[in-house]
2 protein chains.
Amino acid sequence: MPRPVTIRTVAERAGCSIATVSRVLNGTARASADVEARVRAAVAALDFRPSEIGRSLKTLRTRTLGVVIPSLTNPVFAGSVAGMEAEARGRGHTLLLTASDYDAAREQDLVATLVAQSVAGLVLTVADPDANPTLDLLDGQGIPYVLVYNEPQRPGRAAVTVDNAAASRALTGAFLAAGHRRILFIAGRFSTSDRSRLRHQGYLAAMAAAGLAAEPVLELDYLADTAAHRSALAGLLGGPERPTGIICSNDLLALSVVAAVREMGLAVPGDISVAGFDGIAIGRLVSPPLATVDQPTRRMGARAVERLFDLMGGDAARTVELLPFELRPGGTLSPVSPPVASAPRASATPQPPSPKSPSRKSAARKAPR
Amino acid sequence: MPRPVTIRTVAERAGCSIATVSRVLNGTARASADVEARVRAAVAALDFRPSEIGRSLKTLRTRTLGVVIPSLTNPVFAGSVAGMEAEARGRGHTLLLTASDYDAAREQDLVATLVAQSVAGLVLTVADPDANPTLDLLDGQGIPYVLVYNEPQRPGRAAVTVDNAAASRALTGAFLAAGHRRILFIAGRFSTSDRSRLRHQGYLAAMAAAGLAAEPVLELDYLADTAAHRSALAGLLGGPERPTGIICSNDLLALSVVAAVREMGLAVPGDISVAGFDGIAIGRLVSPPLATVDQPTRRMGARAVERLFDLMGGDAARTVELLPFELRPGGTLSPVSPPVASAPRASATPQPPSPKSPSRKSAARKAPR
DNA sequence: AAGCGCCGTGAAAACGGTTTCACAGCGCCC
DNA sequence: GGGCGCTGTGAAACCGTTTTCACGGCGCTT
C-alpha cells in the first residue's frame with residue numbers, strides 16, 4: 001500500500017517547502033505565480049486533501065460543531081438538525097451528533113466528549129436550561145454554544161426558540177373561540193422538557209384569563225405507545241363531563257392521543273378536538289389534518305448555527321431569540337359539538353375572536369364542577 | 001484565563017513523565033501503585049480529559065465514524081442514524097453526520113470531507129451502490145465502510161438492508177390475495193434510490209407470477225407536496241378502469257398519496273387500497289393504520305456500526321446482510337370492493353393473517369360505498 | 001550609490017498526545 | 001556471585017499542519 005500523501009509529499013513534488021504549500025492552500029500569503037502553479041499542479045496530481053487533524057492540532061480548534069439533542073426519533077429534532085447540517089456545511093463545518101435520550105447525566109457526558117474533540121462550538125437542546133451544571137461548565141471554559149428549543153429564563157445564554165407560552169395561549173385561545181370550556185392539557189414529562197412546562201403555563205394563563213378552571217395536567221411519556229396512552233386516558237374520558245378538547249404539548253403525543261381516543265370509540269374532532277405543538281410534516285397528511293402550532297423547525301437549527309458562528313466570531317449577545325410561530329387550526333380542532341337536545345342554543349354560540357369568553361359560558365361550566 | 005490543562009500539566013502535578021501519565025490512562029502498561037495513584041489524583045484534581053486531536057494525530061485514526069445519508073427529514077434515515085449513534089456511543093465513538101440531499105456530487109464531496117477528518121470508518125446510504133466513484137475511492141484507499149438500505153448487486157461491498165425485492169413480492173402478494181388485480185406502483189425517483197428500483201422489480205415479478213399485466217410505474221418525488229401528487233394521480237384514477245390498489249415505494253410517499261386520493265373524493269381503503277414500505281412509526285397512528293412492510297430501521301443502523309467495527313478489526317467479509325422484514329397488512333389495505341351486485345363473493349375473499357384488523361371495520365365501510 | 005523596506009521563501013518550532021527505545025534497579029537461576 | 005531478564009520509568013521521536021522567525025534579493029527613495 002502506498003504511503004499516505006501528506007503536505008510533505010506535495011512540497012517534494014512541487015519543489016518547495018511545506019510552508020509554501022500551506023500558504024498557497026490557505027491563501028495566508030501570496031506566492032509567486034510560478035510556485036503557486038507548481039503547488040496546485042502537485043495537489044491535483046496527488047489528490048491531496050490536508051488532514052484536519054494536523055490542522056486542528058495547531059489551532060486547537062476543529063471545523064466541527066458539536067450537537068446534543070434528546071432524540072433523533074422525534075422529527076422536530078431531526079428537522080432542526082437538518083437545518084444545522086445545511087448551515088454548517090455551507091460554512092465548511094461538519095456536525096458531531098449525539099443524542100442524550102433525555103438523560104441529564106448522559107447530557108453531561110456527551111458535552112465532555114464533544115469538548116474533548118475540540119469542537120468549535122455546540123448546539124444543544126437540554127432538559128433544563130436554567131439549572132444545568134453542563135452549561136455552567138461550558139460558560140466556565142468559555143466555549144461558545146447556542147440552545148435550541150430551550151427558553152432559558154435567566155439572561156446570559158444564547159438560544160433560538162419560539163415564544164412557547166404565547167404559542168400555547170394562542171392555541172388555547174383557539175379552543176376557547178371554538179366554544180370549548182373543558183380543555184385537558186396533556187404534557188410530555190416536565191422534567192425533560194422546559195418547552196412542555198412553558199406550554200402548560202401558557203395554557204394555564206389563557207384559561208385563567210378566560211375565567212375558567214384548568215383541568216389537572218396529565219403528564220405522559222410521548223415515547224410510550226398508544227395503548228399506554230389509552231389506559232391513561234380511560235378514566236378521564238369516561239363520564240359525561242369529559243373534556244371536549246385536548247391540547248398536547250407536542251405533535252407526536254397528539255397523534256398518539258388521537259389514535260387512543262378513536263380506539264376508545266370517540267370521534268376526533270366530532271366528540272373531542274385535539275391539537276398539538278410543533279407542526280411536524282406528518283400532521284398535514286393525516287385526516288383530518290392535525291391542528292397545531294407550526295414552528296420553523298429547520299430554520300431554527302440553521303439560525304442556531306448562524307448565531308453560533310457570531311458567537312465564535314466574538315461579538316455577539318447571548319440572548320434568547322424568538323422565531324415566529326404560526327397557529328394552524330382546523331382539522332382535528334373544530335367547534336364544540338352542541339348537546340344533542342338543545343340545537344338552537346348551540347347554533348347560537350358565538351365565535352368570539354378573543355380568548356376572553358362571555359361569563360355565560362364560565363357559568364355553564366361552573367355548574368358541573 | 002488559565003492555560004489549558006494538557007498531559008504535561010498532569011505529569012508535572014503527579015511528579016512523573018508524560019509517558020507515564022499516558023500509560024496509566026490507557027492501561028498500555030502497568031505502573032507502580034504509588035505512581036498510578038498520584039496520576040489519577042492529578043487527573044481528577046485538574047479535571048483532565050485527553051485531547052482527541054492529539055491522540056488522533058499519532059495514530060491517524062479518530063474515534064469518529066462518518067455518516068452520509070440522503071436526508072434527516074425522512075424518519076427512516078433519522079431512525080437508522082439513531083441506531084448508529086447509540087451503537088457508536090457504546091463503543092466510545094461519535095458520529096460525524098452529513099446529508100447528501102440525494103445529490104451524487106455532494107455525496108462525493110461529503111465523503112472527501114469525512115476522509116479528511118480521518119474518520120475510522122463510514123456508514124453510507126447512497127443513490128447507486130454499484131456504479132459509484134465515491135465507493136471506488138474508498139475501496140482504493142482501503143477505508144472501511146458499510147452501506148445501509150443499499151443492496152449492491154455486485155459482491156465486495158458490505159451492506160445491511162432487507163431483501164427489498166422479496167418484501168415487495170410479499171406486499172404485492174398481499175394485494176393479490178385481497179383480490180386486487182389492477183395495482184399501480186408509485187416509486188420514488190429511481191435515480192436516487194436503489195431501494196425504489198428493487199421494490200419495483202419485486203412488484204413486477206409478483207405480477208408476472210400471477211399472470212397479470214403490471215401498470216406503468218409512476219415515478220414521483222416524495223419530497224413534493226400532496227398537491228403535486230394529486231395532480232400526478234388525477235389522470236390515472238379517473239376512469240372506471242382505475243386501479244384498486246396502489247403500492248408506494250416508501251411510507252412518506254404512501255401517506256401523501258392517501259391524502260391525495262382522499263382529496264380527490266375517493267375513500268381509502270374503500271375505493272383504493274394503499275400500502276407503503278418502511279414501517280415508520282407514524283404509519284401506526286393514522287387511521288386506518290398504513291399497510292406497509294416493516295423493517296427494523298434502528299436495528300439496521302446499529303447493525304451497520306457493529307459490522308463496521310468488525311471491518312475495522314480486519315477480519316470480516318464484505319457481504320450483504322439481510323435483516324428480516326415483516327409484512328404489516330390491514331388498515332389501508334383491504335379486500336377489493338366487489339362489484340355492487342355480488343356481495344357473497346366478496347365476503348368469501350380470504351382475509352390474510354392481518355394482526356388486528358377488526359372485521360367490523362371492513363364491514364362497516366362496505367355499507368357506505 | 002547606499003540604505004530602507006517589502007516580498008517570497010525556507011527552516012524550524014509548536015500543538016498534545018502515543019510509542020519506541022534506553023536504562024536503571026532488582027530478583028532469580030544456575 | 002554473575003549474568004539474564006523483567007519491570008517501571010523517562011527522554012525523545014513522531015504524527016501533519018500552521019505559523020513564527022530569519023534571510024536573501026529586489027526595487028524604490030533620497
Side-chain angles (χ1 to χ4, degrees), chain A residues 1-40 42-43 46-64 92 113 115-120 141, chain B residues 2-40 42-43 46-64 92 112-113 115-120 141:
Chain A
M1 49 188 70
R3 227 169 32 86
V5 33
T6 77
I7 199 174
R8 261 163 265 274
T9 326
V10 176
E12 204 171 321
R13 186 179 182 113
C16 66
S17 74
I18 61 170
T20 301
V21 175
S22 173
R23 281 189 276 252
V24 167
L25 289 182
N26 296 311
T28 9
R30 276 215 319 275
S32 69
D34 173 39
V35 172
E36 173 162 351
R38 292 208 313 272
V39 168
R40 297 212 178 280
V43 166
L46 296 168
D47 192 25
F48 171 70
R49 287 276 290 237
S51 156
E52 279 295 327
I53 295 183
R55 183 207 307 280
S56 304
L57 184 55
K58 182 60 186 179
T59 57
L60 291 185
R61 276 275 166 276
T62 59
R63 294 185 186 172
T64 292
T113 303
V115 169
Q117 307 260 10
S118 306
V119 292
Q141 300 192 236
Chain B
R3 226 167 36 84
V5 31
T6 77
I7 198 173
R8 265 161 259 274
T9 326
V10 175
E12 203 171 322
R13 185 178 182 113
C16 65
S17 75
I18 61 169
T20 301
V21 175
S22 174
R23 282 189 276 251
V24 167
L25 289 181
N26 296 311
T28 14
R30 276 215 322 273
S32 68
D34 173 40
V35 172
E36 173 162 351
R38 292 208 312 273
V39 168
R40 297 213 178 277
V43 165
L46 296 167
D47 192 24
F48 171 71
R49 287 277 290 238
S51 156
E52 279 296 326
I53 295 183
R55 182 207 308 281
S56 305
L57 186 53
K58 181 64 184 181
T59 57
L60 290 185
R61 276 275 167 276
T62 60
R63 293 185 187 174
T64 292
T113 303
V115 169
Q117 308 260 10
S118 306
V119 292
Q141 300 192 237

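The sequence lines fix the lettering, A, B, ..., with proteins before strands; numbering per chain opens at 1.
- Whole-Å rounding puts the A:Ile53 CD1 to C:dG17 P distance at 14 Å.
- Between A:Thr64 and A:Gln117 the shortest side-chain heavy-atom distance does not fall below 4.5 Å.
- Among the atoms of the strands shown, only primed sugar atoms or phosphate atoms (P, OP1, OP2) are found under 4.0 Å from some heavy atom of A:Leu60.
- In summary, contact between chain B and DNA chain D, defined as any nucleotide atom under 4.0 Å from a heavy atom of the protein, begins and ends at D:dG8 to D:dG16 in the 5' to 3' direction.
- No more than 12 heavy atoms of other residues, nucleotides or ligands lie within 6.0 Å of CD in B:Glu12, so this atom counts as exposed by the packing criterion.
- Proximity of a side-chain donor or acceptor of A:Thr62 to a complementary backbone N or O of A:Ser118 within less than 3.5 Å is detected.
- A:Arg23 comes within 4.0 angstrom of a base, heavy atoms only.
- If you measure from atom CD1 of A:Ile18 to atom C1' of C:dT9, you get 13 Å, rounded to the nearest angstrom.
- Residues passing the side-chain hydrogen bond (donor to acceptor under 3.5 Å, both in side chains) test with B:Arg23: none are found, sequence neighbours excluded.
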Discussion item. Set out, in order, the CA-CA distance, both residues' side-chain angles and the distance that settles salt bridge (Lys or Arg N to Asp or Glu O under 4.0 Å) for B:Arg40 and B:Glu36, then state yes or no.
Written reply: CA-CA 6 Å; B:Arg40 297 213 178 277; B:Glu36 173 162 351; 3.2 Å; yes
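- Using a 4.0 Å heavy-atom cutoff across all strands shown, A:Ala19 reaches at least one base atom of the nucleic acid.
- Residue B:Arg30 is in sugar-phosphate contact alone, with no base atom involved, counting any heavy-atom pair closer than 4.0 Å across all strands shown.
- Axis angle, first five pairs versus last five pairs of the helix from C:dA1-D:dT30 to C:dC30-D:dG1: 50°, rounded to 10°.
- Where B:Cys16 and A:Val21 each meet DNA chain D at their nearest nucleotide, the meeting point lying more 5' is that of B:Cys16.
- C:dC15 atom C1' lies 9 Å from atom CG of B:Leu57, rounded to whole Å.
- In this model, the phosphate group of C:dG17 is not approached by any side-chain N or O of B:Ser22 to a distance below 4.0 Å at OP1 or OP2.
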